Amino acid sequence: MQHITLPILKLCLLIHLSKTEDWTFPEDFKFGVATSAYQIEGGAKEDGKTLSVWDRITRTPGFVTDGSTGDVACDSYHKWEEDVRILKELGVDYYRFSISWTRILSGGYTSTVNEAGVAYYNNLINALIANDIEPVVTMYHWDMPQTISTLGGFSNSAWVDFFTNYARTLFEQFGDRVKLWITFNEPNIICHYFNSVLGNITEAYPNGVIEYLCTYHLLKAHAETYHIYDREFRQRQQGKVGITLNFEWSEPMSNDPEDVAAAERRRQFDFGIFANPIINFDYPKVVRDRVAARSRLEDFPRSRLKRFTLAEKLSIRGTYDFLGLNHYTTWLVGEGSEADPTEHSFYIDTKVRRMQDDSWETTAAPDNKVVPEGLRKALNWIKTTYGNPDILITECGYSDTTGTLEDDRRINFYKEYLNATLEAIHLDGVNVKAFMAWSLMDNFEWNQGYTVKFGLHYVDFENPERPRSIKQSGEYFKRVIATRTLE
Ligand code: PNW
């Protein structure tokens, strides 16, 4: 008898466990939504704020598809009280927003604090806390001071001092109340896929040198910020400092060992190049070897990868209290062909080709196809590669072009990506501690302006009042937060 019932019992248990709809998010799991300063604030020239690279580049004809700017955006500079009200209505634990550097330090690299800018964030932070919403603050979400861009941006070693001067100011002004800090949003977009002088703008052609100077200076600025927190603030403020890396999952396009290796190489170039120095030690070996080999082929006197000294490696290692992860999509990756040696770029160094499956659902951001299992795989890869660090999903979201309130595809997206998160937690034991949806509301989607909409709230950009209306996906997210389960 027993030999029959036991397996049946086991089977029942398995069936029960695999019904993830019944699973709840762990008690300490946090839900939130995310935004960034340039994408929502507006008030571009108000109260002493000076120009960032985005205030300037949006003036370049043709740069933004609909010719728009972030001058007003969602007008959150004036409507922060309403933002807090709709956050409260959603019931979120966390609100992730970023601080505009040029609102706080008008000079960019000088230390003179702009009190009006500080007052804006004080109001926002105090209102969040009064409503039991914890602020999660990104220091740098792409809006580099124009003054610093003029000096070469991330390619100038002075960047490290400029940034840490700004970061210290933020700890001083807000660290008594802000306990979760993110130094940088998506360094690989900053350094490798956009122009590193300007911050995130494809004006100058990537030349295979500037990408790695940016990586090097950004990592040093991140680590130095972490050490400043340790030395001057941690004891008093008791907060956490991390970084947000974006990670599109790379799946091998075949079982051919070359494609399998190419997919892993791509992960290391995209994610490992930042995560390995911070969590393990130094750049990943495959990145070091490949850039060195390619540089030799191109007749460079040494590797274009700007290497750390031993002291630098030691000082960067361990500079995180959590890892922020932005995740949207997945690619099928295979071995690429060697480009002509007269060409040099980060992308050429990766030596991969990639494509997406036609059967995957497309979104308004055409590359962001819906592939929920990619999130679970990415989380598992991070767990294995870096010893299961605490992960906060700091962005994940779905875009359409209409902003319709009846957004069932977005509901489906969240259902599936949240389910993948639950699987990673309950089946795989990954330490995922939070999920923040991108975004609280429709906003300025960089060079796609207002044509691509990610919000849980619709914003009427024709109306000077910029009214916000909750979408059905917002109602759905609200229910998930309230019940801590997926229906
Ligand atoms: C993220 N890519 O950006 C940003 O952090 C947000 O500011 C942005 O609004 C959001 O995703 C939606 O796009 C990305 O091309 C932009 O791989 C581009 C890519 C990835 C992330």
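Values in this document were obtained by computation on a predicted structure and should not be read as measured data. As the structure lists them, so they are numbered: ligands from 1, and atoms in each ligand from 1.
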Quiz item: Where does Asn185 meet ligand 1, judged by heavy-atom distances below 4.0 Å: at the side chain, the backbone, both, or neither?
Solution: side chain
Self-check item: Nitrogen or oxygen atoms of Ser36 and ligand 1 under 3.5 Å apart
Solution: no
Quiz item: Quick check: does any side chain N or O of Asp349 sit under 3.5 Å from a backbone N or O of Val291, one acting as donor and the other as acceptor?
Solution: no
Self-check item: NZ/NE/NH1/NH2 to OD/OE distance under 4.0 Å, Arg376 and Glu373
Solution: no
Practice problem: Could you pull out, from Glu186, Glu248, Glu445, the option with a heavy atom nearest to atom 12 (C) of ligand 1? | Solution: Glu445
Quiz item: For atom 11 (O) of ligand 1, which candidate among Trp142, Tyr328, Trp438 holds the nearest heavy atom?
Solution: Tyr328
Quiz item: Quick one: which ligand 1 atoms are inside 4.0 Å of a heavy atom on Ile189?
Solution: 2 (N), 17 (O), 19 (C), 20 (C)
Quiz item: Quick one: do Arg354 and Glu248 make a salt bridge, cutoff under 4.0 Å?
Solution: yes
Quiz prompt | Salt bridge flag under 4.0 Å for residues Arg96 and Glu395 | solution = yes
Quiz item: Can a salt bridge be assigned to the pair Glu264 and Arg267 using a cut-off of 4.0 Å between side-chain N and carboxylate O?
Solution: yes
Practice problem: Identify, by atom number and element, the atoms of ligand 1 in contact range of His141, meaning under 4.0 Å from any of its heavy atoms. | Solution: 4 (C), 5 (O), 6 (C), 7 (O)
